[in-house]
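Chain identifiers are assigned alphabetically (A, B, ...) following the order of the sequence lines, protein sequences preceding nucleic acid strands; residue numbering begins at 1 within each chain.
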Number of protein chains: 2
Amino acid sequence: METYKNKILEFYRQSRRMPSYAEIMAMLGFKSKNAVYKLVNKLIGEGVFDKDSRGRLVPNALFSEVPMLGLVEAGFPTAAEEELVDTMSLDDYLIDNKEATYLLEVKGDSMIDAGIQEGDLVIVERGREPKPGNIVIAEVDGGWTMKYYRVTNGRAWLEAANPRYGPIHPEQELKVAAIVKGVVRKY
Amino acid sequence: METYKNKILEFYRQSRRMPSYAEIMAMLGFKSKNAVYKLVNKLIGEGVFDKDSRGRLVPNALFSEVPMLGLVEAGFPTAAEEELVDTMSLDDYLIDNKEATYLLEVKGDSMIDAGIQEGDLVIVERGREPKPGNIVIAEVDGGWTMKYYRVTNGRAWLEAANPRYGPIHPEQELKVAAIVKGVVRKY
DNA sequence: AGTATAGGTGAACGTTCGTACACCTGTCAA
DNA sequence: TTGACAGGTGTACGAACGTTCACCTATACT
């Protein structure tokens, strides 16, 4: 039962679409589509995935998203409460404008006090006007760097989140390539 | 052209599957499936999405994933190089074991020196044996907390990543509910 | 003026789709 | 011993699928 579900999940992750009934039949070793039909309806009853108006299978929240439990302080809900929790896709959460979004790996510790460490990935969005206080990716002296974007007296400059680095006041105009929209770190 | 692509993308995000030719026909206002057929083949030629062996549409890397450009220092590649960059799905990157993975929102600043701030989301995995040095979600005195997991002389204890908080040496056994596998923050 | 060509219509095709119904087991409780 | 039932087989069916072909524009280039 559980292995059926996992095989279907695996198909979805590899093929980026749900299998047809015939495909499920082949991969689970059934000899009749009807066996699949009954199995699928049971799995839908369990909330594993859904079926849309055309009868096609569609992945479910539980299937492709992550349960969002609330605050750390609250800990883990009991089994009874668990069905009530929110779920979300991290992709959807972190990315607003897919066309202009990129990932960069962080080198150095100049933003350490902003909680951005070496090896983290930052999610950046191109082509947006930076606001003071944003963390931006900017070009200075032919190299790229990540800093806070500041403006005083109408002039833009850059500030690190690490007392060991001084501010950068660019001679010419400051070239901001992208603003940082998010950070992800994996342990 | 570009708006065609965006409408198909939008369908995919809402329905979690690619549309059929007939559905594309309806949503783009065509009156013939063949118009869709030609359009689809052109979009595939541009690498927007793919078609599998059954002729069904399948989202592509460019379609559902985020370009990974490299180090911050390297900045943005030129248009010519851009086709060579890696892409990845944040969901896949951050989550190994989907069944046991949950999200928690961080309250407080006890892990600030580990780059985890209030309001961040931590990705936690249940049912794993913690190793010394892991960041864990543990139950102490009836409440839940996030700390470093330490072991000295065979006894487990907890350490914050903030000098303002002292270590926690539990009286009885330490209940570790989950270990922290990742952090995400959105600006 | 003539002609490729890109982009659309409309009808037809064989295949695959999800669904339905009848039937055949084995298991387990009454 | 019987009967209900969960779970599987086999067949059938209409609808929807992707694909193909012939044809119809406009537009752009020679």
Can you measure A:Glu23 atom CD to D:dC17 atom C1' for me and round it to whole angstrom units? 13 Å
Send over the distance from A:Ile24 CD1 to D:dG8 C1', rounded to a whole Å. 16 Å
Looking at A:Ser20, does any N or O in its side chain come under 4.0 Å of the phosphate oxygens OP1/OP2 on C:dT16? no
Nearest-Å distance, CZ (A:Phe30) to P (D:dG7)? 10 Å
Quick one: sort the B:Tyr21 and B:Tyr37 rings into parallel, tilted or perpendicular, breaks at 30° and 60°. tilted
Counting only distance, no hydrogens or angles, is the base of D:dG8 paired donor-acceptor with the side chain of A:Ser32 under 3.5 Å? no
Are any of A:Arg54's side-chain N or O atoms less than 4.0 Å away from OP1 or OP2 of D:dC17? yes
Whole-Å distance between C:dA6 P and B:Asn41 CG? 14 Å
Should B:Thr145 and B:Tyr165 count as side-chain neighbours, where that means a heavy-atom distance under 4.5 Å? no
Test B:Arg54 against A:Glu23 for salt bridge (charged side-chain N to carboxylate O under 4.0 Å, His left out), laying out the working first. CA-CA 11 Å; B:Arg54 280 182 159 70; A:Glu23 285 168 331; 3.0 Å; yes
What is the separation between atom OH on A:Tyr21 and atom P on C:dA20, rounded to the nearest whole Å? 10 Å
Side-chain atoms of B:Arg56 come closest, of C:dT19, D:dC17, D:dT9, to D:dC17
Is it true that A:Asp50 and B:Arg16 make a salt bridge, defined as a side-chain N closer than 4.0 Å to a carboxylate O? no
Side-chain N or O of A:Lys42 versus OP1/OP2 of D:dG7: is the shortest distance under 4.0 Å? yes
Figure out the OH/C1' separation between A:Tyr37 and D:dA12, and round it to whole Å. 15 Å
Phosphate contact (C:dA20 OP1 or OP2) by A:Lys38 side-chain N/O below 4.0 Å: no
Please name the pair of heavy atoms, one in A:Gly133 and one in A:Tyr148, separated by the smallest distance, quoted to 0.1 Å. O-CD2, 3.5 Å
Euclidean distance, atom CG of residue B:Asn34 to atom C1' of D:dC21 [Å, nearest integer]: 9 Å
What contact category does A:Lys33 fall into here, base, sugar-phosphate, or nothing, at under 4.0 angstrom with non-hydrogen atoms? base
Distance, rounded to the nearest Å, where B:Met18 contributes CE and D:dA16 contributes C1': 18 Å
